[in-house]
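These notes concern the structure reproduced below.
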Amino acid sequence: MAMKSLKFLKPDDASWDVDKSDIDSSNNTPFVYNPCLSLSLEQQRLKLPVHRSRNEILYLLEKYQVLVIVGETGCGKSTQIPQYLLEAGWCEDGKMIGVTEPRRVAAVSLASRVAEEKGSLLGDTVGFTIRFDDCTDKETTRIKYMTEGILMMEMMEDPLLRNYAAIMLDEVHEQSQNVEILMGLMKKILKKNKNLRLLVSSATVDAEHVRDFFNLNVTKNEHADTSTILSIEGRLYPVDCFYVKDPVADYVKATVETVLKIHNAEPSGDILCFLTGQEEVDTAISLLQEHSKQSVKIFPLPMYGSLTNNEQMKVFRYCPKGLRKVVVATNIAETSITIPGIVYVIDCGYVKMRWFDASSFTDNLVVVPISQNAAVQRAGRAGRVRSGKVYRLYTEEDYARLPPHTVSEIRRCELSSAVIKLKALGIDNVVRFPFPSPPPAKNLLAGLELLHALGAVSDDAELTRPLGFRMAEFPLSTHETKCLLQGCDWGCSYEMAVMIACRQVESIFISPASGELSIRAKIKKREFEVAEGDLLTFFNVYSAYAATSDDNKKKWCHSNFVNHKSMKRVTQLINQIGSLLNKFDLKLTSCKGNLEMVCKCVVSGFFPNAAYLHYSGVYKTVRGVQDLSIHPSSVLYTLQQPQWVVFCETVYTKKLMMRELTVVKPEWLLEIAPHFYHKTYDR
DNA sequence: GAGCACTGC
């Protein structure tokens, strides 16, 4: 069988450190491939495709308030354009150039790169700001890289962004919820602050849409346009496209067969396969490993988000000589990471996506066909080294029938936190807010309805004081924020902060996939379990961790199968929550073991997610009609099923499952949320 | 008996 076994893992093996989002200096973006590494920095700058457009960019920014830049990753736009603006004197009155990135790693690594090119220290002329890490200087920083959420927060402080000469929204084609809101807000800001310039960088797609969105010219006269497009020639080589003649029945099997076909018939070059989830990737990998044992000279590697850093790094290393590297990945390889050396791409044509259903108020994880844009993006992964080939496991007719664009996140997700932020920014009518791709009105209204139930907006849809205005400032879900603020009133804000912080990290437990270790991990986890459910189990784990002396924390985590890096981040998050509360003269206080109080406080934020055990043996929500079951990751999965629970989220794969449960009493629901449950019964 | 990908003064 496949060697997935962790049996031989030594305690000091690096793969113990399960770490996802933390950034450390030793992990300074292995993801960018630089073919000009041997040249001096200045020579490298001149070789970038964007260099030829330097003067044009500066000219267009004199003439237009908004410039849409189209260029593939690697053309140098994110590193060079801010420097051109600085060199051209845009920052002479002390203003900054702000660049937003969808990911923390990108913000940090771009800032370090540009600081190096400018020969300055990071945090001096060039800096970055991400959550928990502000590496800028109020006096000297002129170019500031940041994550999108940071700019959003700054807009709440200064709605006209007067500290900035220009803002560059980088990689907007990823269409995050934040970017949609940022673009809508920027449209308003640009009307009021005529000195501000906006650059929007996007992959080829949708550039016209973005330009037209920002164009304030209402006349037919093109000379009055306020926005325009500039294309920068990319570094992509042509990619030949192959389709299957007939639809495939099983795309995992077809992927494996296609790998073998390419390996036998095509010249050297690595292969990248796209599948939808971890299970599929693991299946494909073990099939490929069977072949590689039968002397097929391939080197299969999995790639997905929940692999440890160490396992992820393997795809960037050179593979054993004489073997062909075959990476089988989820969508993580579509935009988030770039694997060097890929010449062949196999595309199954599907993707797993979160989808919010406003009628049942559930978030579902569903497998859907990809869009034509995504298909092009996946194919492009084959053309970064030399001309490549893409094998699409669907017919050409199927391709033609795919939707042209991926439905943006804001049209698919729960919107209450977006709505409350807009309200706090003074946008009263959120349904009329200029989103570049407006979400369905019913999703916005569902968001409003939830905020109303939580007490954050009044009957006439105004933010309430103080609750609504306070809630808008927290980087947490609306349910969580409500629990936290209720906890301040009831004296259990510390317990709430701990449980909420634990929800923000990937997982606080380490769960080896198989073997003896996985059994030992389960036994250890059981020792922390409490009958009140998952959130209180989190609290239990954290309390034990916090009670351990600093010197022993790492060892303690190791022997208890708790993720040390997650716990460090949880501690950081609790501190941040504490200082955010301080802003409102609120404090973290503990109720010291009053379990009923803690559970009631959970109900105060999560009461819309209450479910009861139906006599048929499945759970049902009070408001909905679907059947729900307990997710196997829950501590309640193995215990006797409680009569009433509230859950933090649901996932739908084969059936609808509740995650992160708390056991409750039905009378609490009526006591804490009479407005909500009366209303539902009346219907 | 199960986990697309990101992010937050």
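Below, chain A is the first sequence line, B the second, and so on; all start at residue 1.
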Looking at side-chain heavy atoms only, is the closest gap between A/Thr147 and A/Arg103 below 4.5 Å? no

Nearest-Å distance, CD1 (A/Ile410) to P (B/dA5)? 22 Å

From the list A/Val126, A/Ile130, A/Val108, side chain to side chain contact (heavy atoms under 4.5 Å, CB included) with A/Tyr145 holds only for A/Val126

NA contact type, A/Lys421, heavy-atom cut-off 4.0 Å: base, sugar-phosphate, or nothing? base

Answer with yes or no whether A/Glu157 presents, from its side chain, a donor or acceptor under 3.5 Å of a partner atom in the base of B/dC9. yes

Roughly how many Å is it from OH in A/Tyr145 to P in B/dT7, rounded to a whole number? 18 Å

Closest to the A/His631 side chain: B/dG3, B/dC9, B/dG8? B/dG3

Taking only side-chain nitrogens and oxygens of A/Thr330, does any of them come within less than 4.0 Å of OP1 or OP2 of B/dA5? yes

Nearest-Å distance for atom pair CE/P, residues A/Met156 and B/dC9: 10 Å

Measure the acute angle between the ring planes of A/Phe509 and A/Phe528, then classify it against the limits of 30° and 60° as parallel, tilted or perpendicular. tilted

Starting from C1' on B/dA2, measure out to CG on A/Leu661 and report it in whole angstrom. 14 Å

Out of B/dC4, B/dA2, B/dG1, whichever nucleotide has its closest atom nearest the side chain of A/Tyr637: B/dG1

Using a distance-only test with no angle check, is there a side-chain donor-acceptor pair under 3.5 angstrom linking A/Asn443 and A/Arg412? no

It should be established whether A/Arg104 places a side-chain nitrogen or oxygen under 4.0 Å from OP1 or OP2 of nucleotide B/dC6. no

Against A/Lys421, only a single residue in A/Met153, A/Glu473, A/Met471, A/Met155 fulfils side chain to side chain contact (heavy atoms under 4.5 Å, CB included); can you say which? A/Met153

Could you give the NZ-to-C1' distance, from A/Lys583 to B/dG8, as a whole number of Å? 13 Å

Checking only heavy atoms, does the side chain of A/Glu409 share a donor-acceptor pair with the base of B/dC6 at less than 3.5 Å? no

Checking B/dG8, B/dG1, B/dG3 against the side chain of A/Gln278 (C-beta onward), the nearest is B/dG3

Which listed nucleotide (B/dT7, B/dA5, B/dG8) is nearest to the side chain of A/Ile332? B/dA5

Measure the distance from CD1 on A/Ile510 to C1' on B/dA2 and round it to the nearest whole Å. 18 Å

B/dG8, B/dC4, B/dC9: which one has an atom nearest the side-chain heavy atoms of A/Gln504? B/dG8

Measure from the side chain of A/Pro632, starting at C-beta and using heavy atoms only, and say which of B/dC4, B/dG1, B/dC9 lies closest. B/dG1

Find the distance A/Arg378:CZ to B/dA5:C1' and express it as a whole number of Å. 12 Å

Sequence neighbours excluded, the answer for side chain to side chain donor-acceptor pair (under 3.5 Å) partners of A/Asp357 is A/Ser359, A/Ser360

Tell me which nucleotide among B/dG8, B/dC4, B/dA2 gets nearest to the side chain of A/Met657. B/dA2

Tell me what A/Glu473 touches on the nucleic acid: a base, only sugar-phosphate, or nothing, going by heavy atoms under 4.0 Å. base

What is the distance, rounded to the nearest whole Å, between atom CD1 of A/Ile577 and atom C1' of B/dC9? 14 Å

Proximity to the side chain of A/Thr147 - top-ranked nucleotide from B/dG8, B/dA5, B/dA2: B/dG8

Could you check A/Leu476 against A/Arg354 and say which one's nearest nucleotide on DNA chain B is further toward the 5' end? A/Arg354

Assert: residue with more 5' nearest nucleotide on DNA chain B, out of A/Thr276 and A/Glu101, is A/Thr276

